[in-house]
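Here the structure is laid out as structure tokens; the discussion comes afterwards.
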Amino acid sequence: MNSTQKQLAPLTEQDDDVTDELREILDGLSIPQKTISSKFFYDERGSRLFDQITRLPEYYPTRTELAILRDNIADIARAIGPQASLIEFGSGSNVKVRILLENMDRPAAYVPVDISKDYLVKSAQEAAQEFRGIEVLPVVADFMHPFELPNPRVMPLRNIVFFPGSTIGNLTHIAALKLLRVMHHEAGKDGALLIGIDLRKDRSIIERAYNDEAGVTAEFNLNVLKRINREFGADFDLTRFQHRAIYCEEMGRIEMYLVSLAEQTVKIGSQEICFREGESILTEYSHKYTVEGFSAMAKRVGFQPHRCWTDRDDLFAVLYFRRD
């Protein structure tokens, strides 16, 4: 057995009911504003496309958050403290978590959690190869609901929930509060939350980030239909839908849609979904916050603000909360 196999523990999978997912999709497409949850973006191809988006020149959040982490890592590591278990909600490309794992004081374990099994396994294997002295415990789960944490060989002194990328902005405020409650639960006694949030700014900067010239975000958006075709027996014609992303000043959020280019009927299993020309499917929100507004929301579920790090242009913030 090689050292990577020793460090990468068996995959922990939570119950996954495909019937429930199909019902969720059909329910979302049956309401006046048709909707598909953004969680369905992240099959293996969708996760790869999102990684491409994070490297686009228009997409400032990733490079800005990375700079914040690198510039303040000593301070962040001190706040986290020794022998912590790092629980990442949404397994990414390992770039951001690498900065933490390289600088944390004797981390007890790294627990990546993601709904996309194939992508999670690949990401966890890469982490185990790179950080041979750290136990990697991947968990397949929908982290919008409480899940069971694996037991590390080294008992952590605290759990640190890590949620970079301002991914929480994809949720409505009600859903964001629900997720924060899950994070509060998973953090446990003496735990903490380290989270990235995208800040409010000029709309032109925001809209460019979601309408890149290369069309990668459009491909990412359309991929959700390709996934539903493959996994749920639908017959979406991707050439008859178009990506659209606009910033709503009043709500402080990007709204991303797939717009039907013609009157058409789509089959999903035995169900038929009718579209008018110009009718849209809402696929994602991306809320932009103020530090004060997000901190007030986190306090409602029992997190107490402790530290805040931002870039000099106030484009993005990384916040550290302690659990009550």
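Note that this is a predicted model, so its numbers are computed, not measured.
Under the 30°/60° scheme for interplanar angles, the aromatic rings of Phe50 and Phe220 are found to be tilted.
Closest of all the heavy-atom pairs between Ile68 and Asn72 is O-ND2, 2.8 Å. The shortest heavy-atom contact between Glu65 and Gly196 is OE2-CA, 3.5 Å. When every heavy atom of Tyr59 is checked against every heavy atom of Ala209, the shortest pair comes out as CD1-O, 3.5 Å.
Applying the side chain to side chain donor-acceptor pair (under 3.5 Å) test to residues at least two apart or on different chains, the pairs with a partner in residues 263-275 are Ser260-Gln264. Residue pairs satisfying the salt bridge (charged side-chain N to carboxylate O under 4.0 Å, His left out) criterion with at least one member in residues 26-44, sequence neighbours excluded, are listed as follows: Glu24-Lys39, Lys34-Glu279, Lys39-Asp142, Asp43-Arg230, Glu44-Arg48. Pairs of residues two or more places apart, or lying in two chains, never qualify as salt bridge (charged side-chain N to carboxylate O under 4.0 Å, His left out) while including a residue from residues 170-184. Screening residues 247-279 for ring pair (Phe, Tyr, Trp, His ring centres under 6.0 Å), with sequence neighbours left out, gives Phe241-Phe275. Sorted by first and then second residue, the ring pair (Phe, Tyr, Trp, His ring centres under 6.0 Å) pairs with a member in residues 64-84 form an empty list; sequence neighbours excluded.
At a threshold of 4.0 Å, the pair Arg208-Glu58 does not count as salt-bridged, since none of the basic side-chain nitrogens sits closer than that to a carboxylate oxygen.
When atom types are taken as modelled, the side chain of Arg158 and the backbone of Ala84 share no donor-acceptor pair closer than 3.5 angstrom. Tyr60 contributes no side-chain N or O that, together with a main-chain N or O of Leu315, makes up a donor-acceptor pair within less than 3.5 Å.
Listed by chain and number, the residues in a side-chain hydrogen bond (donor to acceptor under 3.5 Å, both in side chains) with Arg203 are Glu207 (sequence neighbours excluded). In this structure, the side-chain hydrogen bond (donor to acceptor under 3.5 Å, both in side chains) partners of Ser204, at least two apart in sequence or on a different chain, are Asp202. Take Glu130 and apply the salt bridge (charged side-chain N to carboxylate O under 4.0 Å, His left out) test, not counting sequence neighbours, and it matches Arg98. Remark: Arg45 pairs with Glu219 by the salt bridge (charged side-chain N to carboxylate O under 4.0 Å, His left out) rule, at least two apart or across chains. When the salt bridge (charged side-chain N to carboxylate O under 4.0 Å, His left out) test is applied to Arg78, the partners found at least two apart in sequence or on another chain are Asp75. For Arg227, the salt bridge (charged side-chain N to carboxylate O under 4.0 Å, His left out) partners two or more places apart in sequence, or in a different chain, are Glu231.
Proximity of the aromatic rings of Phe303 and Phe294 is defined here by a centroid distance below 6.0 angstrom, and this criterion is not met. Aromatic ring centres of Phe316 and Tyr289: separated by at least 6.0 Å.
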Extract all donor-acceptor atom pairs below 3.5 Å that involve side chains of residues 159-174 and protein atoms in other chains or at least two apart in sequence.
| residue | atom | partner | partner atom | Å |
| --- | --- | --- | --- | --- |
| Asn159 | ND2 | Glu186 | O | 3.3 |
| Ser166 | OG | Asp198 | N | 2.8 |
| Thr167 | OG1 | Pro164 | O | 3.2 |
| Asn170 | ND2 | Glu284 | OE2 | 3.3 |
| Asn170 | ND2 | Tyr285 | O | 3.0 |
| Thr172 | OG1 | Ala175 | N | 3.1 |

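Of the N and O atoms on the side chains of Thr283 and Asn221, at least one donor lies less than 3.5 Å from an acceptor on the other residue. Judged by distance alone, the side chains of Tyr110 and Glu88 do bring a donor and an acceptor atom under 3.5 Å apart. Side-chain contact, Thr217 with Asn211: no donor N or O sits under 3.5 Å from an acceptor N or O.
Hydrophobic clustering keeps Ile246 apart from Ile36 (ILVMFWY residues linked when any side-chain heavy atoms are closer than 4.5 Å, directly or through intermediates). Residues Met104 and Ile99 are members of one and the same hydrophobic cluster, defined by side-chain heavy-atom contacts under 4.5 angstrom among Ile, Leu, Val, Met, Phe, Trp and Tyr. By the criterion of side-chain heavy atoms lying less than 4.5 angstrom apart, applied directly or through intervening Ile, Leu, Val, Met, Phe, Trp or Tyr residues, Leu238 is grouped together with Ile273 in one hydrophobic cluster. Connection of Leu193 to Val291 is established within a shared hydrophobic cluster, with ILVMFWY side chains joined at heavy-atom distances below 4.5 Å, either directly or through further cluster members. By the rule that hydrophobic residues join a cluster once side-chain heavy atoms approach within less than 4.5 Å of another member, Val154 and Ile134 end up as members of separate clusters.
How far CG of Leu22 is from CD1 of Ile268: 7.5 Å, rounded to the nearest 0.5 Å.
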